[in-house]
Amino acid sequence: MTQSFYITTPIYYVNGAPHIGHAYTSIAADVMARFKRLDGYDVFFLTGTDEHGQKVEKAARDAGLDTQAFTDRISADFKAMADAMGVSYDDFIRTTEDRHKASCAELWRRIERNGDIYLGHYEGWYAVRDEAFYDESELTTRPDGTRVAPSGAPVEWVREPSYFFRLSAFQDRLLTLYEENPEFVAPSSRRNEVTSFVKGGLLDLSISRTTFNWGIPVPDAPGHVMYVWLDALTNYITACGFPDENAPRWHYWPADVHFVGKDIIRFHAVYWPAFLMAAGLPLPKRVSSHGWWVVEGEKMSKSLGNVIEPRKLAETYGLDQIRYFLLREKPFGTDGSMSHPAIVSRINVELANDLGNLAQRSLSLIARNCGGILPARGPATEDDTALLTAAGALLDLVRVNIDRQTFHEGLEEIWKVIRAANGYIDRQAPWALNKTDKTRMGEVLRVLVDTIRVVATLLQPVMPSSMARMLDQLGVSADARTFAALETPLTDGQTLPPPQGVFPRYVEPVA
RNA sequence: GGCGGCGUAGCUCAGCGGUAGAGCAGGGGAAUCAUAAUCCCUUGGUCGGUGGUUCAAAUCCGCCCGCCGCUACCA
């Protein structure tokens, strides 16, 4: 039976337009989803939008739209962005869907039945203007005695009834979870932060609000809507059919990896497992968090006006090129920077020169000197064996890196083989063998084709359309592009299509 | 303030107890099959500072300096 694998992106909050950060998370998750599919897993890949909460209600009002109409529009834009970036999701969930409302209500009831929800009061310093609560320590007192928020807005002490989740009861179980599953939070620096946060003591969590309506109603508690994070996190089980354990997708739960940005680790690594424990449901296996992109040396922000629109980037540089850059340029878990020269360098040096040109020079020699016929392997020389062995070891190396979300290291491993292949073709000089030993020339070219085939097969998750074209040119049929298919040699003597460059160099547009 | 991390070649970083490494950039050469793409050789660092442990420290420990992260409900 095929093993299942469940991957999620966060569901994106619809109070603003999609930017490169959203695209980055989704592309990384997509690469893992595509990789697992090619590796023989039954993959379920989920993305979607988070549509409740006061901020959405307000954003809709500001836009002069009905709240649902507003979320419909923004959600559609996120979906269009995912499609434009080649994100191969299997389901796109929206928290305003009926299936999700039913799922949240049931999760609430289960937690309540286990005694981990109680009614209390939520109180604190509230700034009406900011629609936010502030801690005592954040406030300043004016000469006239009034307290104001950091924004300058006056605050007042408010007290409202609220349901609470008994988070404090889960401290030990959470610590045991991190202890027994060191891979639960990635990267490890984040795991340390999460652990020390939990060790510092957990307070119960307010999980209902009475001050606005745009949310999922708390069962049997008129006037209360659920805290947005309880609502949002539940999407991961809703999509599996919760609470119907006979649903066709229920077997995917628990998730294998939740991809998240570093800003929302706590919700995924502390609250979410606690909610699930309280409901008696299995826990996800891993929460993998990534860092931010700094753009042209500046932190990306709306006020600086340097927010990167992902579709624009793909237009300028090419979708596969951008997907490659995002995963290659920096380690997944850390912050890193993106700049025009850096993108151009990756495209021209690694894609055009190292890989594109390697394929082009190998294939055009076959086209010209072998009549376009794929030559057979010969007896392997030491040099042949060295290259083929390196290529043969690649799948295992890349798989380990994908499993750890160390995408940049996996790509580096692939590039080591590409560089080795460029060294090989120079040493073997098939263009010279054309005059002295045509048989050996063919054998050398076949070693190159077989090596490029491995590389192109493994790169499909990152650059799906470019690698499809490269595999076409290598004579790999469309149904033989899985990792398992690498075991089967290509058919000798087949006619290859005429080679065409896959990665053009980026040239600056004339001003 | 507390806890944690980082500081290694011009740039981005790996190494984490045994005579300093990679990629890019720079310099020289070879080749000419290829997207003027490739290959080979090479310049370059007192591994933030300072004490200590050790036969041996970038690697372990202390202190100092400089950056950064986390330190709860509002994404």
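Quick note: numbers below take in every heavy atom, side chains included, and nothing from hydrogens, waters or symmetry partners. The sequence lines fix the lettering, A, B, ..., with proteins before strands; numbering per chain opens at 1.
- Residues H100(A) and R94(A) form no side-chain contact, since every pair of their non-hydrogen atoms from C-beta on lies 4.5 Å or further apart.
- Residue R505(A) has its side chain nearest to U35(B) when only A72(B), C39(B), U35(B) are considered.
- For the C1' atoms, the distance linking U19(B) with G45(B) amounts to 16 Å, nearest Å.
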* **Residues H22(A), Y13(A); criterion side chain to side chain donor-acceptor pair (under 3.5 Å); working and verdict** => CA-CA 10 Å; H22(A) 302 113; Y13(A) 202 51; over 6 Å; no

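- Closest to the Y227(A) side chain, of the nucleotides A34(B), C74(B), A72(B), is C74(B).
- W229(A) places its CH2 atom 8 Å from the P atom of C74(B), with the value rounded to the nearest Å.
- Distance CZ (R190(A)) to P (C68(B)): 14 Å, rounded to an integer number of Å.
- Atom P of C3(B) sits at a distance of 11 Å from the matching atom of C63(B), rounded to the whole Å.
- When the P atom of U38(B) is taken as reference, atom CH2 of W431(A) falls 12 Å away, rounded to whole Å.
- Across all strands shown, F267(A) has heavy atoms under 4.0 Å from sugar-phosphate atoms exclusively, and none from any base.
- Distance, E57(A) CD to C74(B) C1': 14 Å, rounded to whole Å.
- N369(A) comes within 4.0 angstrom of nothing in the nucleic acid, heavy atoms only.
- Side-chain contact check for D77(A) versus M81(A): every heavy-atom pair is 4.5 Å or farther apart.
- Listed candidates were G23(B), A34(B), C74(B). Nearest to the side chain of R419(A) is G23(B).
- Of all heavy-atom pairs spanning I207(A) and F164(A), the tightest one is CG1-C, 4.0 Å.
- At the phosphate of A34(B), OP1 or OP2 sits under 4.0 Å from a side-chain N or O atom of R368(A).
- No side-chain heavy atom of L496(A) sits under 4.5 Å from any side-chain heavy atom of L474(A).
- No contact: I264(A) has no heavy atom under 4.0 Å from any strand.
- For R361(A) and U35(B), the shortest distance from a side-chain N or O to OP1 or OP2 is not below 4.0 Å.
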* To do: Go through R505(A) and N353(A) one step at a time and tell me if the side chain to side chain donor-acceptor pair (under 3.5 Å) criterion holds.
  => CA-CA 8 Å; R505(A) 290 176 62 80; N353(A) 298 354; 2.8 Å; yes

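- Proximity of V225(A) to F212(A): side-chain heavy atoms (C-beta onward) are separated by under 4.5 Å at one or more points.
- Ring pair W292(A)/H290(A) is perpendicular by interplanar angle, where above 60° counts as perpendicular and below 30° as parallel.
- A distance of about 24 Å separates the P atoms of A34(B) and G29(B), rounded to the whole Å.
- Heavy atoms of G200(A) sit nowhere under 4.0 angstrom from any nucleic acid atom.
- Side-chain nitrogen and oxygen atoms of N353(A) include at least one within less than 4.0 Å of the OP1 or OP2 phosphate oxygen of U38(B).
- U53(B) and C67(B): their P atoms are spaced 32 Å apart (whole Å).
- Checked against side-chain contact (heavy atoms from CB on, under 4.5 Å), S189(A) has the following partners two or more places apart in sequence or in another chain: P187(A).
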* To do: With pairs defined as Watson-Crick or G-U wobble and both distances under 3.5 angstrom, please note down RNA chain B as a dot-bracket string, | for pairing with another strand.
  => ((((((((.[[[[.)..(..]]]].(((((.......))))).....[[[[[..)....]]]]])))))))....

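- Taking atom P in both G21(B) and U42(B), one finds a spacing of 12 Å when rounded to whole Å.
- Heavy-atom neighbours of K199(A) NZ from other residues, nucleotides or ligands within 6.0 Å: at or below the threshold of 12.
- Separating the CD atom of E412(A) from the C1' atom of C24(B) is a distance of 11 Å, rounded to the nearest angstrom.
- Ranked by how close their nearest RNA chain B nucleotide is to the 5' end, G423(A) and G501(A) are led by G501(A).
- On the P atoms, G17(B) is 31 Å away from C40(B), given to the nearest whole Å.
- The nearest whole Å value for the distance from the CG atom in L365(A) to the P atom in A37(B) is 19 Å.
- Rounded to whole Å, the distance from CG on N357(A) to P on U32(B) is 16 Å.
- As judged by a 4.0 angstrom heavy-atom cut-off over every strand, G201(A) is placed among the base-contacting residues.
- Heavy atoms of L202(A) sit under 4.0 angstrom from at least one base atom.
- Within the nucleic acid shown, V194(A) has no heavy atom closer than 4.0 Å to any nucleic acid atom.
- Along RNA chain B, the nucleotide nearest S345(A) and the nucleotide nearest I425(A) are compared for position; the residue whose nucleotide lies closer to the 5' end is S345(A).
- Counting non-hydrogen atoms under 4.0 angstrom, V270(A) reaches nothing in the nucleic acid.
- Residues R440(A) and Q428(A) bring a donor and an acceptor atom of their side chains to less than 3.5 Å of each other.
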* To do: List the protein contact pattern of nucleotides 1-16 of chain B with one symbol per nucleotide (5' to 3'): B for base contact, S for sugar-phosphate-only contact, - for none; contact means a heavy-atom distance under 4.0 Å.
  => ----------------

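- Straight-line distance from the CD atom of Q428(A) to the P atom of A31(B): 18 Å, rounded to whole Å.
- Note on ring orientation: taking the six-membered ring where Trp is involved, the planes of W229(A) and F267(A) are parallel (angle under 30°, cut-offs 30° and 60°).
- When the C1' atom is used for both G1(B) and A22(B), the distance is 41 Å, rounded to whole Å.
- U59(B) and G48(B) are spaced 8 Å apart, taking the P atom of each and rounding to whole Å.
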